[in-house]
2 protein chains.
Amino acid sequence: MEADQALLDELHHVYLFEELDDEQLTRVLRNSQRVSLPAKSLLFEAGQPADRFYLVHQGQIKLFSLSIDGDEKVMEILYPGNTFAEAIMFMQAKRYPVSAQALGDTVLYSFDMKGFRQILEESQQTCFRLMAGMSRRLHARINEISNLTLHNATYRLVVFLLEQIPEDAIELAEIHLSTPKSVIASRLSIQPETFSRILTRLSAAGLIEVKGNDISLLDVPGLRDLL
Amino acid sequence: MEADQALLDELHHVYLFEELDDEQLTRVLRNSQRVSLPAKSLLFEAGQPADRFYLVHQGQIKLFSLSIDGDEKVMEILYPGNTFAEAIMFMQAKRYPVSAQALGDTVLYSFDMKGFRQILEESQQTCFRLMAGMSRRLHARINEISNLTLHNATYRLVVFLLEQIPEDAIELAEIHLSTPKSVIASRLSIQPETFSRILTRLSAAGLIEVKGNDISLLDVPGLRDLL
DNA sequence: GCTAGGCTTTGACCCTGATCAATTCCCGAT
DNA sequence: ATCGGGAATTGATCAGGGTCAAAGCCTAGC
């Protein structure tokens with residue numbers, strides 16, 4: 001792909017590429033591709049051999065895994081600026097551990113793993129950043145596992161709501177869901193029905209107010225108290 | 001700590017140190033300490049500032065997290081040769097995300113994170129190995145999350161049993177549990193009672209036979225069929 | 001404006017696995 | 001050999017949340 005300036009600027013804000021000089025960036029771009037995905041199309045499936053990783057430019061990607069009987073668990077939802085599948089560069093078996101699907105119409109850039117590894121060999125800084133990114137993700141997963149095992153559905157949903165607003169918020173806060181509720185439910189390992197019921201319960205308790213995809217947190221301290 | 005040959009040999013087989021030359025290894029050892037832990041003693045608690053990572057030399061360490069009301073989830077059990085907490089070297093907030101406790105009497109070596117980062121700056125190979133280790137762990141966590149959310153307790157227990165034996169085993173296989181059943185139960189996010197009941201059920205079905213801490217898998221294909 | 005199809009919500013019911021409680025088992029210490 | 005204490009087992013009960021089914025809503029497209 002050719003290197004126009006807008007794109008270079010965009011990449012400069014991605015943690016993986018932050019430390020690269022223009023020469024290296026250009027090299028990365030040479031092996032990159034722009035990928036346009038219509039809504040609901042699959043990018044890759046779990047188990048497929050992996051030789052490229054991705055950056056979300058526009059839209060949303062969901063990473064999910066399927067059980068044998070077709071149940072779906074959303075592992076992660078990625079937004080513009082996020083990268084994914086870059087950790088696979090270092091796995092023995094270079095296969096995608098999960099499947100990836102576009103939620104809405106989405107535009108990605110894909111990068112060659114082998115080429116990027118070469119860059120890494122030259123840039124200690126980038127190595128360190130990549131490791132930082134990986135350990136952040138690792139930490140996030142550990143957190144998620146404790147949430148799943150130590151707490152119940154209501155707890156997870158409230159945590160999710162509170163994560164959407166600034167830490168210091170005390171007063172009323174507004175949240176807009178840009179992702180279907182059923183996807184968020186799966187992300188939290190809750191059935192859509194249960195998700196809906198919990199929202200209803202929280203509303204009845206006067207803690208939140210739900211209007212379609214907009215949720216007002218009426219009583220933030222009260223929500224925090226639930227945890 | 002001083003560098004006797006036996007220890008050097010041991011470190012050479014640890015993935016993090018595999019690629020280091022003797023000079024670097026000696027340097028690592030200079031900032032390392034031998035730590036002896038009596039059974040059940042806490043090494044560190046979640047949230048504590050972290051500046052050292054560890055290698056298990058003898059015994060077993062369990063990594064776990066606690067909910068507010070004291071419920072415990074075992075995240076990982078580490079055996080001799082395993083390292084842990086090394087990913088924290090790259091986290092923004094250098095704090096242990098989980099707590100660590102010795103199961104039996106245990107001997108560890110601890111290493112200075114700052115010192116090891118310097119080594120990493122010199123050894124591309126070691127960086128790559130560390131990244132490989134991190135992505136392996138990341139992958140394992142992702143797997144665990146799908147197990148937790150997509151499958152039930154019996155499934156997880158059977159998966160655990162099958163993981164203990166060679167891939168290609170078809171005939172009868174023997175497993176010895178060197179860790180208390182209750183710890184394994186927590187590792188699988190099952191209550192000890194349920195753990196015991198499932199073992200009983202599998203025995204009744206003629207798939208396994210349990211004698212204290214020894215489990216015989218009588219019908220490996222049958223177990224695989226359960227998945 | 002109206003219809004169709006996909007989300008979302010609501011209701012009824014059920015099942016897995018958690019909890020509480022009581023034994024029993026196992027092992028090390030006396 | 002006996003005792004004591006933690007681990008493991010077993011039984012009874014219960015609740016969170018999953019499943020199935022039906023109805024309600026909303027929006028895109030005609």
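A, B, ... follow the sequence lines: proteins, then strands. Residue 1 opens every chain.
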Nearest to the [X] side chain among [options], which nucleotide is it?
| X | options | value |
| --- | --- | --- |
| A:P180 | C:dT8, C:dA18, D:dG18 | C:dT8 |
| A:S182 | C:dA18, C:dT8, D:dG18 | C:dT8 |
| B:K181 | D:dG18, D:dA8, C:dC7 | D:dA8 |

Take the protein atom [atom1] of [X] and the nucleotide atom [atom2] of [N], then report the distance between them rounded to whole Å.
| X | N | atom1 | atom2 | value |
| --- | --- | --- | --- | --- |
| B:Q191 | D:dA8 | CD | P | 13 Å |
| A:F195 | C:dC7 | CZ | P | 15 Å |
| B:L202 | D:dT9 | CG | P | 13 Å |
| A:E72 | C:dC7 | CD | P | 12 Å |
| B:L177 | C:dC26 | CG | P | 15 Å |
| A:N213 | D:dT27 | CG | C1' | 12 Å |
| B:Y155 | C:dC15 | OH | P | 23 Å |
| B:L157 | C:dT16 | CG | P | 16 Å |

- Query: Between C:dT10 and A:T200, is there an OP1 or OP2 to side-chain N/O distance shorter than 4.0 Å?
  - Reply: yes

- Task: Scan A:K211 against the nucleic acid and name what it touches under 4.0 Å (heavy atoms): base, sugar-phosphate only, or nothing.
- Result: nothing

Please determine whether a side-chain nitrogen of the Lys or Arg among [X] and [Y] lies less than 4.0 Å from a carboxylate oxygen of the Asp or Glu.
| X | Y | answer |
| --- | --- | --- |
| B:E10 | B:R34 | no |
| A:E76 | A:R141 | yes |
| A:E144 | A:R187 | yes |

- Message: I want to confirm an ordering. Mapping B:R197 and B:T179 to their closest nucleotides on DNA chain D, which one lands closer to the 5' end?
- Response: B:T179

- Item | Residue whose closest nucleotide on DNA chain D lies nearer the 5' end, B:T194 versus A:N152 | B:T194

- Task: Check whether the side chain of B:E193 and the base of C:dC20 form a donor-acceptor pair under 3.5 Å.
- Result: yes

- Message: Working to the nearest 0.5 angstrom, can you tell me the gap between A:L43 CG and A:T106 OG1?
- Response: 9.5 Å

- Task: Look at the side chain of B:S110 and the backbone N and O of B:Y54, then say whether any donor-acceptor pair between them is shorter than 3.5 Å.
- Result: no

